[in-house]
Amino acid sequence: MKTFEGSMTALATPFRDGALDEPAYRALVRQQIEGGTRVLVPMGTTGEAVTMTADERARAVKVVVEEAKGRVTVVGGAGSNSTAETIEGVRRVREAGADGTLIVTPYYNKPTQAGLLEHYRAVAKAHPGFPIIAYNVPGRTGVDLLPDTVLRLCDIPEVVALKEATGSMPRAIDILEKCGDRMTLLSGDDFTVLPFIACGGKGVISVSSNVAPRMMADLVAAALAGNIAVARDLQVRMNELHRLLFIEASPAPVKWGLHVMGLFGPEVRLPLVQMTEPNAAKLRDTLRQLGLLTG
């Protein structure tokens with residue numbers, strides 16, 4: 001199985017007149033690869049996957065795989081609050097040519113820890129040998145994948161990594177204590193990349209790297225190499241960017257940022273709406289200060 005480490009981008013999805021904007025999506029993939037991103041993650045939260053049809057999601061993953069041309073790893077999101085639907089989503093991700101899948105804990109249902117374990121076990125059983133990154137983001141799902149359950153996930157060979165988006169360093173240490181090197185830990189929180197890696201993490205699945213791939217790649221590389229001074233400077237320098245990209249419901253802000261950078265339009269799907277002008281102006285100024293926006 002491939003390993004999933006380093007700077008990884010949760011890709012935003014460009015829409016034009018309500019449909020997937022494939023040329024813009026391909027341009028984003030090229031920008032990411034040129035910027036040092038190691039793994040591309042389409043169809044996660046940032047990709048607005050929950051507002052897209054199954055056919056649209058499968059096509060989006062296929063476009064990313066085609067444009068990546070094997071130069072970087074592609075992990076297609078396939079999570080759902082239905083185990084059967086998740087299994088079908090993983091089938092489509094595999095057929096599209098992805099190297100693995102990102103599976104968020106089932107949202108809204110609020111399953112028990114036993115239910116979470118059986119969810120991942122069922123998906124893995126249906127797709128033997130296909131790498132799974134489990135994704136814990138209780139702020140969005142209403143359920144928390146606890147360290148003891150992560151330990152039990154270690155018995156499932158297909159579950160190779162965990163995207164942990166609580167932003168909790170004690171949580172990262174607890175998982176490391178229980179799982180050691182068996183489970184690759186990936187940050188799902190741009191604000192804490194350096195401390196998370198210091199606590200045993202191997203990378204980040206980032207929102208901010210959509211607009212700042214080189215900065216995030218350099219931050220992760222420095223942190224993994226133990227170059228704390230460089231990593232700390234980059235973490236602090238990017239802090240305002242992180243704040244503004246989450247000042248309104250993500251991914252509206254990051255899509256606006258990509259829009260002003262000329263990569264694609266700001267269109268989002270309801271129930272999300274475009275970024276408000278006062279916050280958009282702040283984001284534009286910050287992008288300019290970071291050297292990400294000229295003119």
Side-chain angles (χ1 to χ4, degrees), residues 4 8-10 12 41 43-51 75 77-83 85-86 89-90 100-124 132-156 159-179 182-209 242-243 245-254 271-272:
F4 304 94
M8 311 166 69
T9 298
V41 188
M43 296 299 96
T45 306
T46 310
E48 295 175 86
V50 292
T51 69
V75 175
S80 165
N81 64 336
S82 160
T83 302
E85 184 177 328
T86 300
V90 175
T101 185
L102 177 73
I103 298 180
V104 70
T105 53
Y107 43 85
Y108 189 78
N109 310 54
K110 300 184 75 172
T112 63
Q113 296 299 301
L116 292 173
L117 178 65
E118 292 309 314
H119 175 76
Y120 285 104
R121 197 191 306 277
V123 175
I132 294 169
I133 300 176
Y135 178 16
N136 186 40
V137 57
R140 282 186 179 265
T141 63
V143 64
D144 191 1
L145 185 67
L146 298 177
D148 283 340
T149 308
V150 177
L151 175 60
R152 299 189 69 186
L153 289 180
C154 291
D155 294 331
I156 304 172
V159 182
V160 298
L162 171 68
K163 178 183 178 183
E164 175 56 49
T166 61
S168 167
M169 298 311 104
R171 171 64 63 88
I173 292 292
D174 285 348
I175 296 170
L176 184 65
E177 177 188 21
K178 292 177 183 297
C179 301
R182 163 60 184 85
M183 187 71 68
T184 298
L185 290 181
L186 301 168
S187 173
D189 178 58
D190 284 328
F191 293 91
T192 57
V193 175
L194 171 57
F196 189 90
I197 290 175
C199 290
K202 298 298 184 182
V204 61
I205 300 180
S206 170
V207 174
S208 297
S209 59
H242 303 328
R243 274 194 290 262
L245 292 181
F246 289 93
I247 198 169
E248 296 181 20
S250 181
V254 75
L272 297 183

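Quick caveat, the model's predicted, so the values are computed rather than measured. Along the sequence shown, the residues carry numbers beginning at 1.
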Task: Arg152, CZ atom: more than 12 neighbouring heavy atoms under 6.0 Å - done: no
Heavy atoms, side chains only, cut-off 4.5 Å: are [X] and [Y] in contact?
X	Y	answer
Val159	Met183	yes
Ser250	Leu245	no
Phe196	Val204	no
His119	Ile103	yes
Ser208	Val254	no
Cys199	Glu164	no
Ile133	Met8	yes
Tyr107	Val50	yes

Open item on the list: Please check this pair: side chain of Asn81 against backbone of Tyr108, looking for a donor-acceptor N/O pair closer than 3.5 Å.
Closed with: no
Open item on the list: So does Leu145 get a backbone contact from the side chain of Thr149, meaning a donor-acceptor N/O pair under 3.5 Å?
Closed with: no
- [ ] Under the side chain to side chain donor-acceptor pair (under 3.5 Å) rule, collect the residues that match up with Asp189, sequence neighbours excluded.
- [x] Thr192
TODO: Could I get the full list of side chain to side chain donor-acceptor pair (under 3.5 Å) partners for Asp144, not counting sequence neighbours?
DONE: Asn136, Arg171
TODO: Could you name each residue pair satisfying salt bridge (Lys or Arg N to Asp or Glu O under 4.0 Å) that touches residues 106-120, not counting sequence neighbours?
DONE: Glu118-Arg121
Open item on the list: If the test is side chain to side chain contact (heavy atoms under 4.5 Å, CB included), which one of Leu185, Leu153, Ile132 qualifies with Leu162?
Closed with: Leu185
Open item on the list: Minimum heavy-atom separation for Pro251 and Leu272, please, with both atom names.
Closed with: CD-CD1, 3.4 Å
Task: Atom of Ala165, atom of Tyr135 and distance for their closest heavy-atom approach - done: CB-CE1, 4.1 Å
- [ ] Measure up the Phe191 and Phe246 rings against each other and bin them: parallel (under 30°), tilted (30 to 60°), perpendicular (over 60°).
- [x] tilted
